[in-house]
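Take a look at the structure set out below.
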Protein chains: 2
Amino acid sequence: MKNPTIPNRLMLEEDMIPKQWYNIRADMKKKPAPIVMPQTGKPATQQDLEPVFCKELVKQELNNTDAFIDIPEEVYAYFKTFRPSPVVRAYRLEKALGTPAKIYYKFEGNNTSGSHKLNSAIAQAYYAKAQGLKGLTTETGAGQWGTALAMACAHFDLECHVYMVKASFEQKPYRREVMRTYGAQVTPSPSMTTSIGKAILEKHPGTGGSLGCAISEAVETAISNEGYRYSLGSVLNQVVLHQSIIGLESKAVMDAYDIVPDIIVGCAGGGSNLAGLIAPFVGETLRGERDYRLIAVEPASCPSMTRGEYRYDYSDTGNICPMVKMYTLGSHFIPSPDHAGGLRYHGMNPILSELYQDGILEARSYLQSEVFKAGQTFARVEGLLPAPESSHAILGAMAEALHCKETGEAKTILFGLTGTGYFDMKAYQKYNDGDIVDFVPSDEAIRQSLDRLPKIDL
Amino acid sequence: MKNPTIPNRLMLEEDMIPKQWYNIRADMKKKPAPIVMPQTGKPATQQDLEPVFCKELVKQELNNTDAFIDIPEEVYAYFKTFRPSPVVRAYRLEKALGTPAKIYYKFEGNNTSGSHKLNSAIAQAYYAKAQGLKGLTTETGAGQWGTALAMACAHFDLECHVYMVKASFEQKPYRREVMRTYGAQVTPSPSMTTSIGKAILEKHPGTGGSLGCAISEAVETAISNEGYRYSLGSVLNQVVLHQSIIGLESKAVMDAYDIVPDIIVGCAGGGSNLAGLIAPFVGETLRGERDYRLIAVEPASCPSMTRGEYRYDYSDTGNICPMVKMYTLGSHFIPSPDHAGGLRYHGMNPILSELYQDGILEARSYLQSEVFKAGQTFARVEGLLPAPESSHAILGAMAEALHCKETGEAKTILFGLTGTGYFDMKAYQKYNDGDIVDFVPSDEAIRQSLDRLPKIDL
């Protein structure tokens with residue numbers, strides 16, 4: 001298949017879907033710092049984490065050594081309902097920009113969850129079923145992850161209890177209905193069903209909730225109900241592992257056509273999609289085989305890498321979850337409610353944090369008005385209406401392509417188009433009406449949030 | 001490629017996308033009755049129709065003889081952004097039903113319009129651009145067609161003016177925003193921008209509008225504005241021609257794997273998707289080469305084939321559009337507002353009407369509560385959340401598969417999954433809440449609607 005005519009959509013054959021996940025940590029000389037139990041201040045063990053996560057997922061979370069991990073047969077079979085996903089040549093975008101650059105995007109939105117989240121949801125649900133559990137709890141903000149887990153639980157006949165940030169629950173009724181259609185129980189968070197929820201509601205009766213608070217409620221419910229575990233859709237190393245399928249497929253199909261990206265761009269909230277996309281490429285870099293420019297794009301309103309600190313922090317507001325060394329704005333940081341562009345998590349996955357610290361990964365941030373403009377441009381020229389999250393990566397890729405226009409270089413750019421914007425039309429409506437507001441937190445606000453964190457280092 | 005391992009998703013190579021549309025009429029011994037001008041009572045000529053439709057599209061509308069028509073290069077290039085679409089083996093649905101039948105579906109929802117409508121929209125926009133027009137007008141009900149035409153017009157840099165049934169405009173703000181994101185002007189219908197709209201608003205000030213009324217407004221706007229033509233997303237023979245790509249791709253990829261469907265099922269509103277899906281298969285039947293069972297599924301609340309009459313009728317409420325001989329409930333028939341399942345047009349495409357009249361096509365109707373239940377089942381087992389329209393075809397295919405379970409026959413069933421339900425979550429919410437109401441019009445209501453039609457036959 002070397003050097004054939006290159007189609008618009010590069011697709012692997014179904015039997016070429018990778019059969020193993022790739023674990024970046026195995027090739028990192030400097031490993032990410034260990035997860036720490038807030039109760040003891042010591043590195044988390046398998047035993048520590050098993051009450052919260054499925055046994056097999058804890059193993060994956062703590063596995064710093066195995067480079068490849070087999071994808072279970074049942075997960076692989078489900079992959080075939082929505083994978084391989086295409087790598088698409090953005091010919092029309094190139095033309096619109098007048099750039100000599102070649103732009104490709106890996107599109108993960110062709111499934112009902114509307115994003116890459118299903119890659120990890122199906123794996124997590126599988127391990128829960130294999131362990132004989134009754135169900136999973138989780139939180140969701142915009143709703144992509146909740147939808148993905150609801151679909152995965154429906155497939156493996158597991159109960160699914162989703163705590164949905166109350167503001168989203170009310171503003172995104174359609175996401176909620178998708179989850180309900182797949183049989184999930186959806187509770188607005190904070191709720192009266194947990195002690196953490198009750199405490200928050202007593203203190204802030206009218207609150208619209210936050211992701212960190214919904215995480216705390218979901219974890220509490222998992223711990224206090226027999227046969228339940230908690231499931232998280234980003235940030236964790238196990239999720240990065242599952243998302244490596246994105247990069248592995250991209251690399252396999254681009255290799256088949258002899259295409260090598262010079263620059264790889266992804267949006268970064270918790271970081272799982274970006275880490276998954278760059279995984280096999282960064283592996284080459286870590287092994288000294290080839291270098292790439294790797295760029296993380298985050299919103300200016302929640303700039304954990306570009307303006308946060310690399311330090312231990314809680315992963316949830318309730319501070320009951322393990323602590324993670326990561327780039328963070330502080331677990332009490334909540335982005336402005338005016339920020340409609342997603343990627344609202346206060347921290348960044350530890351692997352990406354370490355790669356950024358080590359200079360292997362770059363990061364930049366954009367204002368959301370610029371991001372929506374890029375999304376609209378992309379929609380009009382390429383057809384696909386992107387999620388606001390994905391539009392960060394679009395803008396990052398466009399910026400690189402425009403730079404190529406200046407320098408005359410015909411670089412090859414690959415970016416991750418994580419999902420579609422079909423459930424984000426309220427945000428697009430704001431943009432169409434000229435009502436998008438840019439928000440950039442003050443240094444003071446970030447400082448205050450970080451000063452509330454305990455000082456731990458190992 | 002004969003007899004290889006059969007993957008879950010059968011995909012043609014990109015360069016195997018058909019390069020010509022197939023025109024069923026060329027192989028029909030008994031042709032559909034001619035379109036008639038309401039002003040003269042005589043068959044419409046090229047000249048009659050050119051003020052309303054693009055020149056080349058009128059040729060296609062009146063072409064009863066050419067079996068194959070070249071797909072323009074620019075249309076073909078755009079196809080590559082979302083075609084070929086897959087034929088998927090519904091292994092999980094088969095297992096859930098416990099049927100020996102083999103179920104396949106042709107999935108047309110993997111594009112931002114969310115349905116097959118883009119197939120014709122891109123062709124119609126192309127011909128408008130080629131003719132040097134400024135823009136197109138159209139109507140939309142649920143919003144799929146309006147979205148598709150907005151996307152197509154954005155691609156060819158044409159203005160796009162969409163009259164959206166007022167009830168939908170208010171209840172489906174997100175569809176409206178998708179169209180606006182692609183630069184379309186969206187007006188709730190009836191509106192004060194046309195004389196027909198004004199007249200209807202004077203008579204029925206609070207009306208939520210209807211598809212027939214929105215058609216009349218769009219046609220009036222096209223006729224009275226220099227450089228504009230009108231565009232329709234179903235019912236017409238030109239649209240059936242464009243949608244033949246669905247069936248041609250299906251047949252090509254199934255042929256490649258030596259799979260022959262025994263039964264082909266599609267939902268039918270105006271009929272374009274069903275006609276497109278069955279096109280090359282019915283061609284074989286018409287040429288005496290092979291027989292298939294072909295089944296149209298319509299909603300019990302708008303049963304044009306199963307309970308209508310085969311006669312001349314207006315295609316719009318304002319009675320300014322050409323008259324068509326078709327199975328119809330009468331152009332004044334409006335389905336109950338309780339009907340959320342789409343497929344609300346009063347008549348059926350003339351080609352399908354003639355095939356039904358000739359016994360080549362079967363038809364049946366289902367209650368919407370059954371349809372939503374089938375849609376939910378499909379979503380849970382196959383992953384994909386279907387449009388309510390598509391769920392009619394799902395239920396039709398499930399019924400045939402369950403019949404196979406009784407008889408023990410391992411028949412091969414192909415059905416058309418026209419689109420996704422992501423913008424139909426209000427209807428799903430009703431279903432999730434147990435609020436779906438079944439509506440079946442009385443014989444008396446249909447009789448009264450039909451008695452208002454003029455009696456014409458040629």
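It should be emphasised that the depicted structure is a prediction, and the values quoted were computed from it without experimental measurement. Just so we're on the same page: letters track the sequence lines, and every chain starts at 1.
When each of A/M151, A/Q376, A/K80, A/R180 is checked for heavy-atom pairs under 4.5 Å with chain B, A/R180 comes out on top. Interface remark: of the candidates A/P173, A/G183, A/A154, A/G183 forms the most heavy-atom pairs closer than 4.5 Å to chain B. Put simply, of B/R176, B/E382, B/E177, B/R92, the one with the most heavy-atom pairs under 4.5 Å next to chain A is B/E177.
Every ring pair (Phe, Tyr, Trp, His ring centres under 6.0 Å) that A/F378 has, sequence neighbours left out, goes to A/Y105.
Between the side chains of A/T181 and B/N432, a donor-acceptor pair is found at a separation under 3.5 Å.
Separating the CZ atom in B/R83 from the CZ atom in A/R9 is a distance of 9.0 Å, to the nearest 0.5 Å. Taking OG1 of A/T81 as the reference point, atom CG of B/L384 lies at 7.5 Å (rounded to 0.5 Å). The structure places OG1 of B/T112 at 5.5 Å from CG of A/L385, a figure rounded to the nearest 0.5 Å.
The parts of A/D433 that come within reach of chain B are both its backbone and its side chain, each placing non-hydrogen atoms under 4.5 angstrom from that chain. For B/N8, the parts lying near chain A are the backbone and the side chain together; criterion is any non-hydrogen pair under 4.5 Å. The parts of A/V178 that come within reach of chain B are both its backbone and its side chain, each placing non-hydrogen atoms under 4.5 angstrom from that chain. Within the 4.5 angstrom heavy-atom criterion, no atom of A/P386 approaches chain B. Using a 4.5 Å cut-off between heavy atoms, B/R89 does not touch chain A at all.
For a heavy-atom cut-off of 4.5 Å, chain B lies close to A/Y422, A/F423, A/M425, A/K426, A/Y428, A/Q429 in residues 414-430 of chain A.
Within 6.0 Å of atom CD in A/E170, more than 12 heavy atoms from other residues, nucleotides or ligands are found, so the atom counts as buried in its surroundings.
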